2 protein chains.
Amino acid sequence: MTPASEPRWLTEAEQAAWFAWRRMFPLVDAAIARDLNQDSGLSEADYDVLSVLGSADGHRMRISALAELMHWSRSRLSHQLTRMEQRGIVRREDVATDGRGAEVVLTDTGVAAITDAAPLHVASVRRHLVDVLTPQQLQVLAEVGEVLRHRFGAPRKGRD
Amino acid sequence: MTPASEPRWLTEAEQAAWFAWRRMFPLVDAAIARDLNQDSGLSEADYDVLSVLGSADGHRMRISALAELMHWSRSRLSHQLTRMEQRGIVRREDVATDGRGAEVVLTDTGVAAITDAAPLHVASVRRHLVDVLTPQQLQVLAEVGEVLRHRFGAPRKGRD
DNA sequence: GTGCTGTTGTTGATGTGTCATCTATCAAAG
DNA sequence: CTTTGATAGATGACACATCAACAACAGCAC
């Protein structure tokens, strides 16, 4: 077997990209999260759940379907829903057709929360990211997202 | 005063970039974090601290300087160092010149940990990000990082 | 019916990040 | 020397994510 050969360290250009990814990009997320919390009292996780439910039919969704749509684990979603339910912005309901299943419903408070939060959140995203970059840069970000979507979304055969 | 005018929602192109940022980019971090944990038993946070200390003079650094360099809050770093100290990979030491201050030092175990982990980690970063993108795309990522660095690094006067 | 297997959703333990708060120290002004 | 304000760092409470169980039910075999 080959002993660990000298690894291919990152070139300077690659290091710059990785540094940006690792040190700079999180600052944007933190800034947006802080705004969201201060403006609307919501976490990013709250907002994600609320916005998906907000555009769901009847403001309700099967829990497992919600988890799958968001690419969240059932556990993560369950914990999150417990916290949100305690704050009265969502409600769990048993579903008749399947004794195991349950649905989440947006309460009136929840609808109000997402309605109020959305414009402020968009503004924050613009302030900290979208309006800061050029259309070309945004285009490349989207492009990178596409590459990753294929890498992760598509089923793979072997180890990579 | 102006009532909240209709917010500037994101264009389709902007949405694509934001979707990539929000839904796809974290997948890369998760994949790399999983690799790192399986290969070396370290978290990303562990690795970040270790790698900075590893290239620091004398494998030691003033805690506040480390926090600033990494763009971490003192609190976050303090908690992280407590956990790492309990596992014996770093050690805290009081500094003579300032009664308040403290330094972190890499233990021998810590040096071994980062030395062993580095090649595997670089390979993982290549596999999941660097080698997946074109040089042009990497260039733009670095460029975006520069924009953000100026936005967040530079002291600001007013609200933005 | 009884048993087996997969699915749904919850829970508890643990590691992590944030915020507010606290102590100790420094530095400068009086 | 004392007060005053800033700084270094630690800490406790809480929100969040992951993992490994776990209970309850569905669906199918027999």
Side-chain angles (χ1 to χ4, degrees), chain A residues 22-23 25-38 40-50 60-87 89-105, chain B residues 23 26-27 29-38 40-49 60-87 89-105:
Chain A
R22 209 51 208 131
R23 291 275 139 78
F25 289 11
L27 297 182
V28 174
D29 294 325
I32 293 175
R34 203 171 340 106
D35 280 356
L36 183 58
N37 185 42
Q38 289 178 358
S40 316
L42 298 173
S43 69
E44 292 259 34
D46 293 332
Y47 188 90
D48 280 353
V49 172
L50 288 179
R60 75 172 51 229
M61 198 175 301
R62 186 67 182 262
I63 288 184
S64 56
L66 182 55
E68 192 169 349
L69 183 61
M70 300 178 70
H71 297 104
W72 280 24
S73 72
R74 300 175 191 287
S75 172
R76 177 182 180 185
L77 183 55
S78 182
H79 282 297
Q80 180 68 33
L81 291 180
T82 300
R83 288 186 296 260
M84 294 175 75
E85 196 170 20
Q86 279 164 358
R87 289 159 48 208
I89 54 184
V90 299
R91 191 176 58 245
R92 281 187 240 238
E93 285 183 10
D94 288 351
V95 59
T97 63
D98 189 332
R100 300 163 296 183
E103 287 181 332
V104 226
V105 196
Chain B
R23 291 271 130 81
L27 296 181
D29 295 324
I32 294 176
R34 199 171 350 99
D35 281 357
L36 182 59
N37 186 42
Q38 288 177 359
S40 316
L42 298 173
S43 68
E44 292 257 41
D46 293 334
Y47 187 91
D48 279 355
V49 173
R60 74 173 52 229
M61 198 174 302
R62 186 66 182 265
I63 290 184
S64 56
L66 181 56
E68 194 169 350
L69 182 61
M70 301 178 68
H71 297 105
W72 280 23
S73 72
R74 300 175 192 288
S75 172
R76 177 182 180 185
L77 182 55
S78 182
H79 283 298
Q80 179 68 30
L81 291 179
T82 299
R83 289 186 295 256
M84 294 176 75
E85 198 170 21
Q86 280 166 359
R87 290 159 48 207
I89 54 185
V90 299
R91 191 175 59 246
R92 282 187 239 237
E93 286 183 9
D94 289 352
V95 59
T97 61
D98 188 332
R100 300 164 296 183
E103 286 182 334
V104 226
V105 197

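Note: hydrogens, waters and symmetry copies are ignored here, and every other heavy atom, side chains too, is used. Proteins come first, then strands; the chains are lettered A, B, ... in the order of their sequence lines, and each starts at number 1. The shown structure was predicted, so the numbers you read here are calculated from the model rather than taken from an experiment.
- Non-hydrogen atoms lying under 4.0 Å from DNA chain C are contributed by B:Ser75, B:Arg76, B:His79, B:Gln80, all within residues 73-81 of chain B.
- Other residues, nucleotides and ligands contribute only 12 or fewer heavy atoms inside 6.0 Å of the CD atom of A:Glu68.
- Distance check: A:Leu69 CG to A:His71 NE2 gives 7.5 Å after rounding to the nearest 0.5 Å.
- Taking atom CG on A:Asp29 and atom C1' on D:dC16, their separation rounds to 15 Å, with Å as the unit.
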Protein and nucleotides 25-28 of chain D: nitrogen or oxygen contacts under 3.5 angstrom:
from	atom 1	to	atom 2	distance (Å)
D:dA26	OP1	A:Gly99	N	3.1

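- When side chains are defined from C-beta on, B:Val104 does not count as touching B:Glu85, because their heavy atoms never get closer than 4.5 Å.
- Within the 4.0 angstrom heavy-atom criterion, only backbone atoms of the sugar-phosphate kind lie near B:Ser43; the bases stay farther away.
- Heavy atoms only, all atoms of each residue included: B:Glu44 and A:Arg22 are closest at CB-NH2, 3.1 Å.
- In this structure, A:Arg74 CZ and A:Leu66 CG are separated by 11.0 Å, a value rounded to the nearest 0.5 Å.
- Among the protein residues, B:Arg83 comes within range of the nucleic acid bases, having at least one heavy atom under 4.0 Å from a base atom.
- Between B:Arg34 and A:Asp46, the residue anchored closer to the 5' end of DNA chain D is A:Asp46, taking for each the nucleotide with the nearest heavy atom.
- Computed from coordinates, the A:Met84 CE to D:dC14 C1' distance equals 17 Å when rounded to whole Å.
- Taking the side chain as every heavy atom from C-beta outward, A:Asp48 and B:Arg23 approach each other to under 4.5 Å.
- Within the nucleic acid shown, B:Arg92 comes within 4.0 Å of sugar-phosphate atoms alone, with no base atom in reach, counting heavy atoms only.
- With contacts defined as side-chain heavy-atom distances shorter than 4.5 Å, the pair B:Val49/B:Leu77 qualifies.
- Counting non-hydrogen atoms under 4.0 angstrom, A:Arg62 reaches the backbone sugars and phosphates but no base.
- When DNA chain C is scanned in the 5' to 3' direction for atoms under 4.0 Å from non-hydrogen atoms of chain B, the outermost contacting nucleotides are C:dT16 to C:dC26.
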Do B:Arg87 and B:Leu42 pass the side chain to side chain contact (heavy atoms under 4.5 Å, CB included) test, and can you show the C-alpha distance, the side-chain angles, and the key distance before you say yes or no?
CA-CA 11 Å; B:Arg87 290 159 48 207; B:Leu42 298 173; 3.7 Å; yes
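- The CD-P distance, from A:Gln38 to D:dA15, rounds to 17 Å in whole Å.
- Ion pair B:Arg83/B:Asp46 not flagged as a salt bridge, since none of the NZ, NE, NH1 or NH2 atoms sits closer than 4.0 Å to an Asp/Glu carboxylate oxygen.
- Closest approach of B:Arg62 to B:Gly101, counting heavy atoms only: NH2-CA, 3.2 Å.
- For the pair A:Thr82/A:Arg92, a side-chain contact is recorded, criterion being any heavy-atom separation below 4.5 Å from C-beta on.
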